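Everything numeric here is computed off the predicted structure, so don't read it as measured data.
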Amino acid sequence: MLSVVIVGGLHADARKATVERLLADVPGSVVLHHDLATAADGTVVRTIRDAGGILSAGETPLVNDCACCALREDLVPELRRLDAAGTLRLAVVELWDSVEPKAMAEVVAAGGLTVTGVITAVDPALVLPYLGNGDDLADRGLAAAATDQRTVADTFARQLEYAPVLAVLDSPEADEEDRELLAQLHPTAHQVAIGTGRPTTTDHATRLTDPSVPDHATRLTDPTNSDHPTRLTDPSVPDHPTRLTDPTRLTDPAIPDHPARPTDPAHTDHATRPTDSTPTDHPVRPTDASGTLYPVRPTDTSGTLYPVRPTDTSGTLYPVRPSPRSALARAALAGFDVESAAAAQHPACARLPAEADAHGVSTLVWHRCRPFHPERLYEALEDITCAAARSRGRFWLADKPDVLLHWDAAGGALCVESVGPWLASLPDAAWDMVPPVRRAAAALDWHPEHGDCCQHLVFTSPGLDRDGLERLLESCLLTDAEYAAGRDAWKRLPPAFDTLLEV
């Protein structure tokens with residue numbers, strides 16, 4: 001069965017270096033890419049290529065005026081077609097800049113295909129500038145739909161935190177602080193070094209420089225220039241650069257009269273050479289008097305054996321597994337659980353970073369079992385949001401004591417949303433319908449009086465003022481007198497968050 005690995009990330013040079021490494025490390029692999037930069041013209045351009053160049057290209061129309069929807073509609077059928085060919089081992093789905101891997105992994109898995117890995121490619125020198133960039137994707141030509149209201153910062157944060165594997169570019173511009181920030185943002189990620197990479201264009205027209213971080217380059221590839229790997233007009237790119245060689249033709253073309261020379265050690269392409277000390281991957285099968293291998297698999301009408309493993313252009317069978325020396329290949333084929341990955345991002349049971357402080361970067365984990373006063377928290381939102389490069393978690397408002405609220409901040413912008421009730425607010429009979437991972441997460445935060453209702457927020461940033469941030473957060477909690485008044489009194493507090501929650 002065809003394995004599928006998803007490679008994404010806003011850092012275009014790192015992403016492309018990762019894809020090229022996978023093509024080189026995993027024989028029998030191809031890259032499927034949908035270029036959403038053409039969405040303004042009403043289409044999405046699809047290309048499929050291998051290490052030799054473009055194999056096919058086509059267009060698919062927008063769906064509901066949404067490029068990302070068109071990608072979803074087209075992706076699974078194309079992957080199924082590649083799988084049905086039976087000649088490939090790995091399909092690398094290279095996501096366009098702002099496409100997030102979570103949605104695509106779920107689409108591929110729902111289509112009956114096997115996702116074996118999700119990788120986000122990262123340049124550590126660009127982590128802080130991108131986290132600090134509150135620009136709308138639409139302003140940078142990176143929106144996936146006309147209604148796309150995401151920012152550079154929150155999109156990058158989700159790309160980074162969802163993937164269990166980070167392909168890290170060996171950037172000479174990155175320092176210890178940059179690498180520590182990356183490690184604290186996603187401490188459970190498996191990091192794989194991918195070398196220095198190679199710039200894909202000399203014209204990076206869109207430079208998202210954060211003026212507060214002058215020492216960091218912030219280059220987002222302009223999707224309208226030639227940075228994209230879909231060079232459909234290059235006459236030097238053949239339509240089909242890789243073709244499967246008929247595996248019954250083991251004849252050296254330089255020696256046409258002797259198709260089987262098992263004793264010639266220089267004849268390296270023959271499958272049955274007991275005297276050749278160089279191991280090959282060809283199967284050993286009996287031959288007839290002329291040296292022709294007897295077929296042990298069905299043949300087509302011309303007598304050509306159907307392949308059971310992909311071959312390169314010389315007809316050599318690819319090995320069953322990639323080289324064990326390739327850490328990136330192992331990560332791409334290690335396996336991936338879509339449901340577990342989704343649970344790890346859900347606010348109720350997210351795997352949040354732990355306390356850390358190194359190389360000038362700190363992570364503060366703030367956990368309390370008392371609700372926020374809605375007005376005081378609302379008034380402090382700007383200061384709290386801007387205190388860290390990244391903050392996330394779940395929180396509890398006194399005027400909505402039964403509602404679990406999600407906190408998600410990056411680039412100086414905060415998103416809050418309701419994600420349903422706290423488990424403590426559910427009747428016992430409803431617990432059987434709650435996923436075990438949610439119940440386990442609730443048990444870790446369980447309070448004898450309030451159950452899983454709590455504040456669990458995590459703040460990560462260079463130069464984090466931990467003491468000042470803790471004092472600010474504490475000042476937003478209910479006072480002893482307000483807390484003692486009880487839930488009925490809490491619900492009568494001014495509903496300051498109704499506008500943000502669109503209540």
Side-chain angles (χ1 to χ4, degrees), residues 124 127-134 151-154 156-157 160-161 175-187 210-216 347 350-399 405-417 445 447 453-483 490 493-494 496-497 500:
V127 172
L128 183 58
Y130 275 52
L131 277 181
N133 193 313
T151 68
V152 173
D154 62 43
F156 172 68
L160 178 71
E161 292 157 0
D175 57 21
E176 288 298 324
E177 181 181 287
D178 297 324
R179 300 184 187 283
E180 181 63 26
L181 176 60
L182 181 60
Q184 290 190 28
L185 287 169
H186 196 348
D210 182 350
S212 66
V213 193
D215 294 332
H216 293 276
R351 297 174 189 167
L352 299 174
E355 286 272 350
D357 190 359
H359 300 294
V361 181
S362 293
T363 294
L364 168 67
V365 178
W366 191 74
H367 192 282
R368 296 292 184 274
C369 293
R370 181 174 292 197
F372 279 124
H373 187 287
E375 279 190 322
R376 289 199 294 272
L377 178 62
Y378 188 84
E379 291 171 358
L381 281 182
E382 183 175 354
D383 291 337
I384 296 173
T385 300
C386 295
R390 175 66 171 147
S391 57
R392 56 189 175 124
R394 50 191 178 270
F395 69 105
W396 184 26
L397 281 179
D399 65 314
L405 296 166
H406 181 207
W407 177 289
D408 187 43
L414 171 67
C415 175
V416 297
E417 62 178 339
D445 283 338
H447 184 275
C453 302
C454 68
Q455 319 292 354
H456 191 168
L457 299 174
V458 175
F459 301 82
T460 300
S461 186
L464 185 68
D465 181 5
R466 299 170 63 96
D467 293 340
L469 180 56
E470 284 195 90
R471 286 194 298 271
L472 180 58
L473 290 166
E474 296 284 350
S475 71
C476 297
L477 295 173
L478 294 182
T479 64
D480 289 345
E482 291 166 339
Y483 179 77
W490 302 350
L493 292 171
F497 278 75
L500 285 180

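- Across Phe497 and Pro374, no two heavy atoms sit closer than the pair CE1-O, 3.4 Å.
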From CA spacing to verdict: side-chain contact (heavy atoms from CB on, under 4.5 Å), Leu469, Leu473
CA-CA 6 Å; Leu469 180 56; Leu473 290 166; 4.0 Å; yes
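- Sorted by first then second residue, the salt bridge (charged side-chain N to carboxylate O under 4.0 Å, His left out) pairs that include residues 352-369, not counting sequence neighbours, are Glu355-Arg466, Arg368-Glu470, Arg368-Glu474.
- With hydrogens and angles disregarded, no donor-acceptor distance shorter than 3.5 Å links the side chain of Arg392 to the backbone of Leu352.
- The two residues Gly134 and Thr151 have their closest heavy-atom pair at O-CG2, 3.7 Å.
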Which side-chain N or O atoms in residues 379-386 pair as donor and acceptor under 3.5 Å with protein atoms at least two apart or in another chain?
{"residue": "Thr385", "atom": "OG1", "partner": "Leu381", "partner atom": "O", "Å": "2.8"}

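- Within a 6.0 Å radius of CZ in Arg351, no more than 12 heavy atoms belonging to other residues, nucleotides or ligands are found.
- Among all heavy-atom pairs drawn from Ala358 and Glu180, the shortest one is O-CG, 3.2 Å.
- At least one side-chain heavy atom of Leu181 sits less than 4.5 Å from a side-chain heavy atom of Pro462.
- Here the straight-line distance linking atom CZ of Arg376 with atom OG of Ser475 works out to 7.5 Å at 0.5 Å rounding.
- If you take CG on Leu182 and OG1 on Thr460, they are separated by 11.5 Å, rounding to the nearest 0.5 Å.
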Evaluate the side-chain contact (heavy atoms from CB on, under 4.5 Å) criterion for residues Phe395 and Val416: first the C-alpha distance (whole Å), next the side-chain angles of each, then the deciding distance (0.1 Å), finally the verdict.
CA-CA 9 Å; Phe395 69 105; Val416 297; 3.9 Å; yes
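- Taking the charged nitrogens against the carboxylate oxygens, Arg390 and Asp408 do have a contact shorter than 4.0 Å, which makes a salt bridge.
- Separating the CD atom in Glu417 from the CH2 atom in Trp407 is a distance of 13.5 Å, to the nearest 0.5 Å.
- The closest side-chain heavy-atom distance from Phe372 to Leu405 is not below 4.5 Å.
- The backbone N or O of Arg370 sits less than 3.5 Å from a side-chain atom of Gln455, completing a donor-acceptor pair.
- Shown here for Ala157 and Leu131, the closest heavy-atom pair between the two residues is CB-CD2, 4.0 Å.
- Although no hydrogens or angles enter the test, the distance criterion places no donor-acceptor pair under 3.5 Å between the side chain of Ser461 and the main chain of Leu464.
- Note that SG of Cys453 is 11.0 Å distant from CZ of Arg394, once rounded to the nearest 0.5 Å.
- Checked against a 6.0 Å centroid threshold, the rings of Trp396 and Tyr483 do not count as neighbours.
- In this structure, Leu493 and Glu375 have side chains that are not in contact, with every pair of non-hydrogen atoms separated by 4.5 Å or more.
- Residues meeting the ring-ring contact (aromatic ring centres under 6.0 Å, His included) test with His456, sequence neighbours left out: His367.
- Side chain of Trp490 to backbone of Leu397: no donor-acceptor contact under 3.5 angstrom is found.
- In plain terms, the two heavy atoms of Ala410 and Ala153 that are nearest each other are C-CB, 3.7 Å.
- Under the 3.5 Å distance criterion, the side-chain polar atoms of Gln184 are matched with a main-chain donor or acceptor of Thr363.
- Heavy atoms only, all atoms of each residue included: Pro494 and Asp399 are closest at O-OD2, 4.2 Å.
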